[in-house]
Visitor: 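Below are the structure tokens for one structure; questions will follow.
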Amino acid sequence: MNSLISRYRAWLLVPCLALTSLSLAGCWDRTEVNDLALVTAAGIDRAGENAVELTVQVFVPRAGGGSQLGQPGSAAGDERSVVRSAKGKTIAEAMAKLQERFPRRIFWGHAEVFIIGEKVARTGIREYVDFFLRFSQPREHADIFVCKGEAKKVLELIPPLERHQAEVLRELSESKVSLHVTLKDLAEMLVGDAGDAALPYLTTLPPPVGKGQQHTIAYIAGTAVFRDDRMIGTLNQQKTRGLMWLRDEIKFSVVTLSPEEADGFISFYLLRSRTKWLPRIEGDRWSMTVEITTEDDVVENTTSLDLLDPEVTRALEAELEREIVRRIELTLKQVQQEMKVDIVGFAEIFHRRYPREWRKVQDRWDEKFPEVEVRVEVDAKILRPGVSGSMITRPKDERRNR
Amino acid sequence: MPYNGKITPVQMAFLLHPTIVATALLLVPAMTERHAGRDMWLSPLWALMAGFATLLTAWALHKRFPDDTPIEYSERLVGKTAGKIIGVLFIFFYWHGSGSLLREYGEFVSGTFLMETPTEVIMGGMLIIAAYAVRGGIEVLGRCAQIMVPVVVVLFMTLILLVSRNLDPYKLLPMLEFGILPSLKGSIVPQSWFSEIIAAAFLLPSLTDRSKGLRWGVITLLFVAVILSLTNLTVLMLFGELAGRLVYPVMSAARYIEIADFLEHLEAIVMAIWVFGTFIKIVVFYFLLVQCTARVIGLSDWRPIVLPVGLLILISGIWTAPNLQQLVHALGTSIVFELLLIQLGIPLLLLAVALIRGKKGAPATAK
Amino acid sequence: MRNWIRRLSGQSPGKPQPSGTPLPSEMRSDPRMRTPLSAALSENENILRSVYADCSDAVFRRFAVGGQTSALLLYIEGLTNVEEIDRCVLAPLMLQTDQPPSGPPDQLANRQIPVSGTKPVADIAGVVEEVSIGNPVLLIDGQTGGMAFSLPKWEKRNLEEPKAEPTIRGSREGFLETLGDNMALIRRRIRSPRLKMRSMEIGRYSMTRVAVAYIDGLADPKLVDEVMRRLQKIDIDGILESGYVEELIEDHPWSPFPQVMSTERPDTAAAGLLEGRVAMLVDGTPFALVVPASLFTVLQSAEDYYQRFWISTAIRWLRYFFFVISLLLPSAYVAILTYHQEMLPTTLLLSVAISREEVPFPALVEALLMEITFEALREAGVRLPKQVGTAVSIVGALVIGEAAVSAGLVSAPMVMVVSLTGIASFTIPRYHAGFAFRLLRFPIILLAGTLGLLGIMLGIIAIVVHMCTIRSFGVPYLTPLSPARGSMLKDVLVRAPWWMLNTRPQPVGQLNPHRQSDNQRPGPDTGGEQR
């Protein structure tokens, strides 16, 4: 009998649990997807002296052109997202105010793009980064951009190809054409040895003629450079490439050069590249050798050179190396000599190799960095000359002449 | 007097492993980083020393009193009254231990997943299931561990594998920048965790094959050290110096995973690792608490006190700290001493008494 | 439950019977039953007529042996082969003999009745028992014993393919409703005389015959004794299906999990016997019970052993995967959609958000509604006649699948989730076992709706703890995973080829662990190209 009751008691728990579950199912953290305002991108702008303006782009869950019941290609197709903004002393306050303007709960779990307006960037971004890291909803791998002008303007654009602006930016930064910085990367840069940071810099593509001002996208046009957490300038796209070579982040690049021995241009398509840093300290002389090994394909040849000729290839390789070195040095000149910010990450490299010496200069790295002698060595290999040797379309007689 | 039922040495290892690792996985990396910095991955290896010291003490005592748990042999070694006091110490220790454990679990879940759900509900739900398992006796615990721990380990390895493409080994450099001291300092917290292997002293008498007890204890410790070290390495290679500033670095690591636009936000894995692991840990502590209580009071059947003890654990979980900061602070400071004192200090004391008295003149440890 | 029955009947079950098949208690309590057959035929006839009063199907045939001695043939109409009685019993006794019978009835039978199966009966109970299974009983005036002839015959089904466990490759024979035939089906597969079949009768009124089959030397005698003990403890008015027996002999009667494997396939039962398990055959049902069972016996199909092992291994993994899906998919959907929206890939979440926009119900209610509807459709499909069944599935597919979605009552992803779950639950080879998991799905959905993923995990832990708690006839339910038995995992995680499966599963086959000789791996004798 006793055992009967004890067994019975254990199983009484099941209906009890189920009942309490039912009664509690309405409470606490449960939120339906239709009660959420899904933020896909957010922007931060300056609003007056001590205030920030937070702009969010919220996805509108309405079946677009391809719905089975609705009229295909209806006019509503344009309104895929809503952009609203609010001001506040801190982001959290702006966020609270923003919530007042939304019938649904703002949900940051899918906010994958953060855009910082240039004005804010110039006054310092540390507090915002801290907020987004502390507030657990946004993702650590959200992409961060700085934009020319107001972030709000960028978010209000209606991209013709993608569903919304966030997707455009995400795809752009995924493509690795330019710098790709996540929230985590930015935080790491800020707490890193140098404390300087670089973020992709957005500008708006001019809209096609005849379309409204908003029917366009923003694209990555360069790099915003930060000393500490304040933006001090930009690099153009070509110098950004140089920076990416230096940081071993280059994934996509087309280098075009005009060979000395022939007219026309040859374009090289980067297959893979690897950058090595060899730091060296001799007394007070700090130097850094950057060794780049790269493998390329030829994608375009408008010259009369026969690329199947090993001699020609060797000559071209040398020219390609010179070209890459030139580009990198261009970047270095601006970053190291003019801006004097270590966005390349030399501080970490020296720290790793020479911890003791590093500790001595740690506090005056800003002064030391411009003094570091940088030598760039490139080893380029042309793997394949495309599928044809010399230019096929060149008239026959010209070929015979060669 | 073993518990009703026997477990295999492997099952004991499966019970002990999460008893150390489960909570260490989430909280300890950040705590270690604070002292050890870039050398945090070394700290678990140093901490292994405390683990071995505890295990060998437990083993030496077990050799002398093969059928007894610490509760019984402390009475036999230091006399009835002093023995009872030690028993009561163990009771309070496991009470506080399981309470703060439950609280850590509750804090983690409500801090990262269910922010608005009351912590009491989250802890209570877990405790009900734990009570059901504890009532099943040690065999059920052993079987549960044998099912869940391999799953947890596989999940953990998956996590590391998935995050591995974002890892940068250069972030480990420079190694031992400030010498060996920071990593030793950083090992203090893990040391206290490793001393939880003392639970083996309670489990050894109910092994099917006692001769293999030590071997599997050592394997457990090594495996724990490997897992913890691997965790610290991963966290470090992913976040670098940021690691110390995150409360749950492993959690953040999982959030960082993004593969092929589809496998992303895999917090669920961390949650599974954490919930399954802590479950085993809670169950072990809970079971030992019930056993100690029953033995000190002298009950013939321990099953009736399972539910009341569970209620006490819940209360202790609610009272143990007012908020997460205090809990983490306590875990890094006073609890360290509590853990080391009870789990390593008392057994060492008992062993010393045994050696002096030369009771049962059995040859000393297996060492 | 058993205690309760015992108290009601005032009987103490489990008392061993002196000999022969143990009689159900109801018969023992009737004083008439214990009466021995007397020499006076009329006396016997009176008692029997009172026992069979108002039984219009009982036939009392009075006739004279050799024209002098009166005799009585008793049988039940429809259970007995009347032509054979006429030819083999009545004809020789009435027409070919002129002397009165002398000596005990078995001598008469030996001399004059050409029937293979005969059995002497000594008391009324014996007569009733024989008659009830279709054997006519002959009583002759002046003799103290009767004779039963094994001439049963009743309408029965032909051998058919097992409906509940069909296979592509493998025997097409399924058990029948007749115990004798079922015993024969097993005997045809295991012809060794070490295959033992102990039988008994259970059920006060149904007097159902139950046979306990095992292989002497393979099955642990303690297990066999335990099975016999548990069966003998049963005291119930009737056993109409093996399900009655199953519920009365389980270790953990409150558990939702089947702790006894029921099968319709003689080959599965035989495989169980060869592993050292014990099978129970119940008259009147085509389902045999095999004990001890474990979770994995439930997740395995007979065909696993007939196909190539690669295929079987792959299918097993598929089955395990879908087993988890069937248990967790709807709850995971609910949990992620209402608690952890950030865990879905962005584009997927956006698509789901679009499809859920018009749905009036919370995801939890939606899931419960759809799951219950699905179960109702399934149940209707099983119960209805075949022709109507197709109608039901058409209505189900159209109404639920199309109309509900296009009316915006249910979101399309939910329909997919529910149908996937449904399909997944049918991959569990034993239909009856699938129920347990389908049932458990609902509490987990509720938990998911309350605590999100944490709820699901708590649900999983609770199930695992429960499965760790239960045993089937002393064998832990999760063997060989936990307690782990390494050598057995090759028949659980994978299906190793037969030449590697040298040992019987433990601990069931402990008594005789080796089922075949080692080193049987086949291979070509010589290398090189043949002409």
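So that the names make sense, note that chain A is the first sequence line, chain B the second, and so on, each numbered from 1. No hydrogens, no waters, no symmetry mates; every other heavy atom, side chains included, goes into these values.
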Visitor: State whether the number of non-hydrogen atoms from other residues, nucleotides or ligands found under 6.0 Å of C:Lys490 atom NZ is greater than 12.
Guide: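 Count over threshold, so yes.
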Visitor: Considering only heavy atoms, which portion of B:Val109 lies under 4.5 Å from any heavy atom of chain C: side chain, backbone, both, or neither?
Guide: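 The side chain, not the backbone.
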Visitor: With a 4.5 Å cut-off on side-chain heavy atoms, are C:Leu454 and B:Tyr105 touching?
Guide: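 In contact.
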Visitor: Could you check which of C:Leu478, C:Ile456, C:Ile461 has the highest count of heavy-atom pairs closer than 4.5 Å to chain B?
Guide: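 Of the candidates given, the most pairs with chain B belong to C:Ile461.
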Visitor: For a side chain to side chain contact (heavy atoms under 4.5 Å, CB included) check, start with the C-alpha distance between B:Tyr132 and C:His466, then their side-chain angles and the critical distance, and finish with the verdict.
Guide: CA-CA 8 Å; B:Tyr132 179 48; C:His466 176 66; 2.8 Å; yes
Visitor: Return yes if some donor-acceptor pair links the side-chain N/O of B:Arg143 with the main-chain N/O of C:Cys468 below 3.5 Å, else return no.
Guide: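 At least one qualifying donor-acceptor pair exists.
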Visitor: Can you give me the closest heavy-atom contact between B:Val140 and C:Val465, atom names plus distance?
Guide: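 Where B:Val140 meets C:Val465 most closely, the heavy atoms are CG1-O, 4.2 Å.
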Visitor: Which one of B:Ala268, B:Gly125, B:Gly136 has the most heavy-atom pairs closer than 4.5 Å to chain C?
Guide: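 Answer, by heavy-atom pair count under 4.5 Å with chain C: B:Ala268.
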Visitor: Please report the shortest heavy-atom distance between B:Met126 and C:Leu458, naming the atom on each side.
Guide: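 It is SD-CD2, 4.0 Å.
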Visitor: Do C:Leu481 and B:Gln146 have side-chain heavy atoms sitting under 4.5 Å apart?
Guide: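 No, their side chains stay 4.5 Å or more apart.
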Visitor: May I ask you to check whether over 12 heavy atoms, not counting those of B:Met157, lie within 6.0 Å of atom CE?
Guide: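 Yes, because the 6.0 Å sphere around CE of B:Met157 holds more than 12 heavy atoms from other groups.
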Visitor: With only heavy atoms counted, which part of C:Ile460 is less than 4.5 Å from chain B, the side chain, the backbone, both or neither?
Guide: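 It is the side chain, since no backbone atom gets that close.
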Visitor: Got a second to check how far C:His340's NE2 is from B:Leu114's CG, nearest 0.5 Å?
Guide: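 One finds 6.0 Å between NE2 of C:His340 and CG of B:Leu114.
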